[in-house]
Amino acid sequence: MHYRQQLREAVRDALGAVPVFEGRCHINRARKLGRGELPAVCIYTRRSVTDRHVDQWTDKKTCTLEIELHVGGTDAEVLAADIDTLCLVIESELLKDQTLGGICEDIESRQDEIETDADGEYVTVHCRMTYEATFVFQNVVTADDFKLVGVEWDLAPKDGRIAALDEIELPQ
């Protein structure tokens, strides 16, 4: 399973274990949410970059994780307090195990953005929490998959030519 998928699922499982978010955590950002589904959390990854090339089979990568929290109701002041309380719940859950069960080296909060929408008397408040997760990414093709079977070199010239023979066994 790709590390981004592991990351999304680990966050969904951690947050979904919190009673207020049970059954309300979704792995995508294109989900259309109805009023009855709020509060809701949408979890997705936006980009990943290679920070450092460790060796020919290993890279250190940083992946941007977005957690969007959505709440709705008719009292804007209550919603403002609710979104901050729920953000604190999310932050606390992610701080319990910053390796998310060992799938990453670390996860760090980078920024939060809050937006408010109104449709008549109904108000929705959205908070996008941005995190960076650091992974040591192992290439699926490892050194053990390639074996050098034999090399023969005869550097003594024969008829003015050097004889050489290389044999390489590739994985099947």
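The figures that follow rest on heavy atoms only: side chains count, while hydrogens, waters and symmetry mates do not.
Closest heavy-atom contact between Glu105 and Val136: OE2-CG2, 3.1 Å. Heavy-atom minimum distance, Arg4 versus Ser48: NH1-OG, 3.1 Å. What you find for Cys87 and Cys127 is that their closest heavy atoms are SG-SG, 3.5 Å. Heavy-atom minimum distance, Leu33 versus Ala40: CD1-CB, 3.8 Å. Smallest separation of non-hydrogen atoms from Leu38 and Tyr122: CD1-OH, 3.6 Å.
Under the 4.5 Å side-chain criterion, counting only non-hydrogen atoms from C-beta, Tyr3 is not in contact with Cys104. Side-chain contact check for His70 versus Pro39: every heavy-atom pair is 4.5 Å or farther apart. The side-chain heavy atoms of Thr62 and Phe135, taken from C-beta on, include no pair separated by under 4.5 Å. Looking at Ile114 and Val125, their side chains come closer than 4.5 Å, going by heavy atoms from C-beta outward. The closest side-chain heavy-atom distance from Tyr44 to Glu68 is below 4.5 Å. Put simply, the side chain of Glu9 reaches to within 4.5 Å of the side chain of Ile27, judged on heavy atoms. Taking 4.5 Å as the limit, some side-chain heavy atom of Leu100 sits within range of a side-chain heavy atom of Val11. Residues Val18 and Glu93 have side chains in contact (heavy-atom distance under 4.5 Å, counting atoms from C-beta outward).
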Run the side-chain contact (heavy atoms from CB on, under 4.5 Å) test on Thr74 and Val123 for me, step by step, so that the C-alpha distance in whole Å, both residues' side-chain angles and the decisive distance to 0.1 Å come before the verdict.
CA-CA 6 Å; Thr74 56; Val123 177; over 6 Å; no

Before giving the answer on salt bridge (charged side-chain N to carboxylate O under 4.0 Å, His left out), spell out for Arg128 and Glu115 the whole-Å C-alpha distance, their side-chain angles and the decisive distance to 0.1 Å.
CA-CA 9 Å; Arg128 178 182 296 135; Glu115 297 176 359; 5.5 Å; no

For a side-chain contact (heavy atoms from CB on, under 4.5 Å) check, start with the C-alpha distance between Ile107 and Glu132, then their side-chain angles and the critical distance, and finish with the verdict.
CA-CA 6 Å; Ile107 186 166; Glu132 285 186 353; over 6 Å; no

Before giving the answer on side-chain contact (heavy atoms from CB on, under 4.5 Å), spell out for Leu94 and Ile67 the whole-Å C-alpha distance, their side-chain angles and the decisive distance to 0.1 Å.
CA-CA 11 Å; Leu94 294 180; Ile67 301 173; 3.6 Å; yes

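At least one test fails for Arg110 against the ring of Tyr131: distance under 6.0 Å to the centre or angle within 45° of the axis.
Residues meeting the side-chain contact (heavy atoms from CB on, under 4.5 Å) test with Asp106, sequence neighbours left out: Gln98, Glu108.
Side-chain heavy-atom separations under 4.5 angstrom define the hydrophobic clusters, and Val49 shares its cluster with no other residue.
Remark: Arg8 does not engage Asp13 in a salt bridge, criterion side-chain N to carboxylate O under 4.0 Å.
Side-chain heavy atoms closer than 4.5 Å link hydrophobic residues (I, L, V, M, F, W, Y) into clusters, and following such links, possibly through other members, connects Ile103 to Ile43. No continuous path of ILVMFWY side-chain contacts below 4.5 Å connects Val78 to Leu86, so the two sit in separate hydrophobic clusters.
Between the CD1 atom of Ile90 and the CG atom of Leu95 there is a distance of 12.0 Å, given to the nearest 0.5 Å.
Using modelled atom types, one side-chain atom of Arg24 and one backbone atom of Glu37 make a donor-acceptor pair closer than 3.5 Å.
Checking each of Thr116, Val71, Ile83, Asp117 against His126 for a side chain to side chain contact (heavy atoms under 4.5 Å, CB included) leaves exactly one that passes, namely Asp117. Tested against Thr130 for a side-chain hydrogen bond (donor to acceptor under 3.5 Å, both in side chains), the candidates Glu113, Glu66, Arg46 yield a single pass: Glu66.
A 6.0 Å sphere centred on CZ of Arg47 holds no more than 12 heavy atoms belonging to other residues, nucleotides or ligands.
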